[in-house]
Amino acid sequence: MTTIDYPEMLSTVFYTQGCQWRCQYCHNPELLSTRLTDPSSSKSLPWEQLMDYLDSRKGLLDAVVFSGGEPLIQPGLDKAMKLIKEKGFKIGIHTSGVLPQKTSLILPYLDWVGLDVKCMPENYGKITQRKKGLDAVWDVLEQLLAADVILECRTTVFWSLTPVNEILELAKLLASKGVKKYILQIGRAGNCLTKKLNKLENLPPEELPELLLELDKLFDEFVVRDN
């Protein structure tokens, strides 16, 4: 159970397996493959067990948050959310916005979304190490802004990958689209997919204080936190 994955709600998190991207700073690399290393592992749970768990937590839990990996690639995500919603729980999701069509299917069940916006559109390939689906996040963002959901956009920063001027440019773009809450997540070395990032100290640039002041002016709510 957690109080941070869905702000101001006591929630439980379901971690899903698989992701289309290979972001250099990914700190859950064990979830990237769609194939479980050990299907009999206690980390892999049958759906019925999860439903029994939620039934036992009625009146205690407020919400269920889907995370990963990338939950949007799960073929049964909309049906899963519908079942959980019918049990009386709010629904949240952590997503990189990789599938706009899938997003439209789950919108009726969503109450809260944490959307990862990794960098300016033209630089997505550098972060994700992939060439496909890089424009999807902007379609998903438009859907979420038009929907009745609480939206939090966030960017994970390793300063060697995303310099200060790009963060400011990205923040201005998001604010111009109507984003109200923005999180700057300072990446931590230790379990990154790209091993060289684990050897680098993610030292704050000299311009950081000035950047934070500028970002605070752009949004109704702006937060800096460790990833």
Side-chain angles (χ1 to χ4, degrees), residues 4-8 19-27 67 70 72 92-100 103-104 107 110-189 192 194 197 200-227:
I4 61 175
D5 285 271
Y6 188 132
E8 300 182 5
C19 185
Q20 292 178 322
W21 290 342
R22 294 296 182 268
C23 298
Q24 295 196 52
Y25 48 67
C26 179
H27 61 277
S67 188
E70 174 48 66
L72 285 179
I93 189 172
H94 296 288
T95 178
S96 294
V98 297
L99 295 172
T103 301
S104 65
L107 270 178
L110 290 178
D111 300 289
W112 178 90
V113 178
L115 180 65
D116 290 323
V117 183
K118 301 180 182 301
C119 55
M120 288 296 289
E122 62 269 20
N123 292 330
Y124 249 71
K126 179 179 70 174
I127 300 293
T128 65
Q129 304 187 90
R130 291 293 186 266
K131 297 180 179 180
K132 295 183 179 180
L134 305 183
D135 295 328
V137 62
W138 306 101
D139 293 335
V140 169
L141 176 61
E142 295 295 340
Q143 289 187 49
L144 296 174
L145 287 170
D148 185 23
V149 298
I150 301 172
L151 174 63
E152 169 186 299
C153 288
R154 63 274 183 104
T155 301
T156 298
V157 173
F158 271 85
W159 301 109
S160 59
L161 296 175
T162 312
V164 165
N165 63 318
E166 183 174 352
I167 293 297
L168 182 56
E169 186 180 5
L170 175 62
K172 289 179 178 179
L173 175 61
L174 293 174
S176 71
K177 290 180 176 293
V179 172
K180 302 299 182 184
K181 182 175 181 179
Y182 185 56
I183 310 294
L184 192 66
Q185 297 185 148
I186 309 302
R188 290 184 295 174
C192 296
T194 300
L197 292 182
L200 297 175
E201 290 188 75
N202 196 20
L203 297 175
E206 293 182 0
E207 310 97 314
L208 183 57
E210 183 179 346
L211 171 66
L212 300 184
L213 288 174
E214 290 297 321
L215 296 183
D216 193 49
K217 297 175 185 177
L218 289 171
F219 302 99
D220 291 350
E221 186 175 353
F222 169 64
V223 178
V224 182
R225 66 184 179 210
D226 289 333
N227 186 27

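Below, all heavy atoms of this structure are taken into account, side chains as well, without hydrogens, waters or symmetry copies.
Between the side chain of Q24 and the main chain of T194, no donor-acceptor pair closer than 3.5 Å is present. Side chain of E166 to backbone of C119: no donor-acceptor contact under 3.5 angstrom is found. For the pair D111 (side chain) and I150 (backbone), a donor-acceptor distance under 3.5 Å is absent. Judged by distance alone, with hydrogens and angles left aside, the side-chain atoms of Q185 form no donor-acceptor pair with the main-chain N or O of R154 at under 3.5 Å. Proximity of a side-chain donor or acceptor of D220 to a complementary backbone N or O of K180 within less than 3.5 Å is not detected. At least one donor-acceptor pair closer than 3.5 Å links the side chain of N202 to the backbone N or O of V157. Using a distance-only test at 3.5 Å, with no hydrogens or angles considered, a donor-acceptor pair links the side chain of E70 to the main chain of L72.
The shortest side-chain heavy-atom distance between I167 and W159 falls under the 4.5 Å cut-off. Residues W138 and L173 are in side-chain contact: their nearest non-hydrogen atoms beyond the backbone lie under 4.5 Å apart. At a threshold of 4.5 Å between non-hydrogen side-chain atoms, the residues L218 and L174 do not count as touching. With a 4.5 Å cut-off on side-chain heavy atoms, P7 and W112 count as touching. Within the 4.5 Å cutoff, no side-chain heavy atoms of D139 are placed close to those of T103. For the pair P205 and L208, the minimum side-chain heavy-atom distance is below 4.5 Å. Within the 4.5 Å cutoff, the side chain of C153 has no heavy atoms near those of the F219 side chain. The shortest distance between side-chain heavy atoms of Y124 and V117 falls below 4.5 Å.
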Under the side chain to side chain contact (heavy atoms under 4.5 Å, CB included) rule, what do I93 and L115 come out as? Steps first, then yes or no, please. CA-CA 8 Å; I93 189 172; L115 180 65; over 6 Å; no
Pair S67, D5 - check side chain to side chain contact (heavy atoms under 4.5 Å, CB included), show working. CA-CA 9 Å; S67 188; D5 285 271; 5.6 Å; no
Decide side chain to side chain contact (heavy atoms under 4.5 Å, CB included) for L99 and Q20; before the verdict, give the C-alpha distance in whole Å, the side-chain angles of both, and the deciding distance to 0.1 Å. CA-CA 10 Å; L99 295 172; Q20 292 178 322; 4.1 Å; yes
After noting the C-alpha distance and the side-chain angles of L141 and L151, does the key distance pass the side chain to side chain contact (heavy atoms under 4.5 Å, CB included) rule? CA-CA 9 Å; L141 176 61; L151 174 63; 3.9 Å; yes
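Among the candidates I183, V179, D116, V113, the single residue satisfying the side-chain contact (heavy atoms from CB on, under 4.5 Å) test with E152 is I183.
Taken from CG in L168 to CD in E207, the straight-line distance is 11.0 Å, to the nearest 0.5 Å. Distance check, rounded to the nearest 0.5 Å: CG of L170 to OG1 of T162 gives 8.5 Å. The structure places NZ of K217 at 12.0 Å from CG of L212, a figure rounded to the nearest 0.5 Å. Going from atom OG of S96 over to atom NZ of K118 covers 3.5 Å, rounded to the nearest 0.5 Å. Atom OH of Y182 and atom OG1 of T155 lie 2.5 Å apart (nearest 0.5 Å). Separation of atoms CG (L197) and SG (C23) is listed at 11.5 Å; rounding is to 0.5 Å.
Q129 CD: more than 12 foreign heavy atoms inside a 6.0 Å radius. Remark: K172 NZ is loosely packed, at most 12 non-hydrogen atoms of other residues, nucleotides or ligands lying under 6.0 Å away. Remark: E8 CD is loosely packed, at most 12 non-hydrogen atoms of other residues, nucleotides or ligands lying under 6.0 Å away. Around CD of E206, the count of heavy atoms belonging to other residues, nucleotides or ligands within 6.0 Å does not exceed 12. The number of heavy atoms from other shown groups lying within 6.0 Å of CG (N165) is above 12.
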